[in-house]
Amino acid sequence: MRSTTTRRTLAAALAGLLALALTGCVESGRTDSSRYIGERVACPAPVDESFTGSVRIGYQDIPNGDLIVKDTGLLNTCLPNGKITWSKFASGGDVIQAFGAGSLDIGLLGSAPAARALSAPLRQDMRVIWIHDVIRGAESLVARDPSITTVAGLRGKRIAVPFASTSHYSLTGALAAAGIERDVRLVNLAPDAILGAWKGGQIDAAFIWEPTLSQLLRDGHVVTSAAETAASGRPTYDLEGARADFAAANPSFLEIWTAAQNWAVTRINDDRAQAATHIAAQLGIPVDAARKQLDGYGYLDAGTQSGSAYLGGSLARDLRGTAEFLLNQGEVQGVAAPEAYTGAVYPTAAAKVSAQ
């Protein structure tokens with residue numbers, strides 16, 4: 001689809017120029033998970049005092065229920081004798097590395113990294129236990145030149161995107177639809193590196209998520225978004241993955257965790273202002289900015305997720321379709337059999353919570 005030599009040469013040059021690693025940062029063993037100073041939130045499920053295990057949770061600075069659960073300290077309320085450790089990750093690629101190293105139990109990753117983890121050569125034994133959000137305008141293609149108002153207008157331009165990400169999946173779909181997939185130069189950069197390249201004038205456009213998205217929009221504009229590419233048959237999601245051995249050994253924890261996430265989704269959908277307050281506290285941004293970010297996603301409750309359109313059926317097909325895209329991009333070595341993706345989706349906890 002594009003010149004491998006050009007892609008690698010340009011990516012290497014930019015990486016050297018910017019001197020930024022693509023792996024992102026990890027805050028391990030973080031203890032200040034809650035910044036909420038209001039009244040204590042009651043556990044949405046029966047409190048489990050029998051759970052005394054340790055759980056290592058990977059999160060990202062993405063405005064969804066994960067940050068609300070973290071901010072309210074809800075898991076500590078529901079599992080008073082457990083040890084919950086939150087660690088921040090910069091990307092889904094970092095999360096799957098941590099799964100492979102056995103240093104993380106559950107963590108947030110996009111549908112593209114999840115598909116990569118399940119495909120060759122990684123073939124990680126992982127379960128998808130929750131859909132944090134359906135990505136819409138929160139991941140968008142931003143251009144600097146105001147005269148570029150369509151994807152086709154990017155012909156001959158340099159476009160940055162984190163490879164093997166949900167944004168990469170959306171971007172290639174948009175380029176193919178415009179018929180210019182062979183006529184642009186894609187640059188593989190992490191979000192922080194994208195911002196540096198943008199400020200330095202080394203790229204013309206980028207397909208990226210928050211908070212980098214808002215920073216680019218200070219002197220750029222949206223050309224298209226994941227909402228449009230989803231409408232054309234390429235949906236993308238932020239998911240929660242779990243190591244399969246952890247999921248098998250801790251079904252009661254997964255049910256409590258899911259109940260907490262389902263409560264957070266209800267808060268987002270029914271009380272957007274309060275949800276934005278929690279997220280703003282975690283991201284360190286104004287509440288109005290957090291509320292605007294929430295508008296870029298769709299949030300599904302447990303009942304919806306456990307149905308055939310998501311965890312109960314179509315998500316596995318979406319993951320395999322994403323894996324086929326990654327294979328075409330040279331990001332995986334092989335696509336697994338359909339049952340590998342079906343078996344990786346774990347709807348049990350969502351179904352139990354929705355039945356309560």
Side-chain angles (χ1 to χ4, degrees), residues 7-28 30 58-64 66-67 70 86-98 103-104 107-113 116 132-133 135 137-144 157-171 184-223 225-226 236 238 279-280 282-286 289-290 292-293 296-297 331:
R7 180 187 77 187
R8 290 177 178 170
T9 300
L10 184 57
L14 281 170
L17 178 64
L18 296 168
L20 289 169
L22 300 183
T23 55
C25 61
V26 177
E27 299 177 26
S28 298
R30 184 184 178 120
Y59 76 100
Q60 297 185 49
D61 280 344
I62 296 173
N64 56 40
D66 222 18
L67 293 185
K70 180 174 179 286
W86 293 84
S87 297
K88 186 166 82 171
F89 287 76
S91 70
D94 294 340
V95 170
I96 61 176
Q97 286 183 18
S103 60
L104 191 66
L108 188 153
L109 70 170
S111 45
R116 178 173 170 239
H132 282 290
D133 53 70
I135 302 171
E139 291 190 11
S140 293
L141 176 60
V142 179
R144 185 194 303 277
K157 302 300 184 181
R158 293 167 295 178
I159 308 173
V161 66
F163 280 14
S165 68
T166 50
S167 284
H168 189 199
Y169 183 54
S170 297
L171 172 60
V184 298
R185 286 177 286 177
L186 298 190
V187 186
N188 180 16
L189 291 176
D192 287 348
I194 284 176
L195 181 60
W198 179 273
K199 290 180 176 179
Q202 288 122 12
I203 56 174
D204 303 297
F207 209 126
I208 195 58
W209 53 84
E210 297 289 359
T212 304
L213 176 60
S214 289
Q215 293 169 311
L216 300 191
L217 286 174
R218 292 171 184 171
D219 55 356
H221 63 281
V222 171
V223 176
S225 74
T236 52
D238 285 314
I279 289 170
Q282 287 292 307
L283 296 180
I285 62 175
K292 183 178 180 181
Q293 288 190 21
Y297 300 87
E331 297 295 332

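The figures that follow rest on heavy atoms only: side chains count, while hydrogens, waters and symmetry mates do not.
- Taking A290 as the reference, A276, I279, A280, I285 meet the side-chain contact (heavy atoms from CB on, under 4.5 Å) condition, with sequence neighbours excluded.
- For the residue pair E331 and A164, the shortest heavy atom distance occurs at OE1-CB, 4.0 Å.
- The side-chain contact (heavy atoms from CB on, under 4.5 Å) search around A205 returns L141, A143, L154, I159, not counting sequence neighbours.
- Proximity of D66 to D238: side-chain heavy atoms (C-beta onward) are nowhere separated by under 4.5 Å.
- Rounded to the nearest 0.5 Å, atoms CG (L109) and OG (S165) are 12.0 Å apart.
- Note that CG of L171 and OG of S140 are 11.5 Å apart. Values are rounded to the nearest 0.5 Å.
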(request) Output, in order, the C-alpha distance, side-chain angles, deciding distance and verdict of side-chain contact (heavy atoms from CB on, under 4.5 Å) for V187 and Q202. (result) CA-CA 10 Å; V187 186; Q202 288 122 12; over 6 Å; no
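- Between R116 and G93, the shortest heavy-atom contact is NH1-CA, 4.5 Å.
- Counting only N and O atoms by type, the side chains of E139 and T236 include no donor and acceptor under 3.5 Å apart.
- Side-chain atoms of I194 and P162, non-hydrogen and from C-beta on, do get closer than 4.5 Å to each other.
- Proximity of H132 to I62: side-chain heavy atoms (C-beta onward) are nowhere separated by under 4.5 Å.
- A 4.5 Å side-chain heavy-atom check between I203 and W198 finds at least one atom pair inside the cut-off.
- The heavy-atom pair separating Q60 from A90 by the smallest distance is OE1-O, 3.6 Å.
- For the pair N188 (side chain) and F163 (backbone), a donor-acceptor distance under 3.5 Å is present.
- Among all heavy-atom pairs drawn from Q282 and L67, the shortest one is CG-O, 3.6 Å.
- Nearest heavy atom pair, residue F207 against residue S225, reads CZ-C, 3.9 Å.
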Quick one: side chains of residues 208-217, donor-acceptor pairs under 3.5 Å with protein atoms, not counting sequence neighbours, listed by atom name and distance.
from : atom 1 : to   : atom 2 : distance (Å)
E210 : OE1    : S214 : N      : 3.2
E210 : OE1    : S214 : OG     : 2.7
E210 : OE2    : S214 : OG     : 2.9

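- Nearest approach of G201 to R158, heavy atoms of both residues: O-NH2, 3.6 Å.
- Ring pair Y59/W86 is perpendicular by interplanar angle, where above 60° counts as perpendicular and below 30° as parallel.
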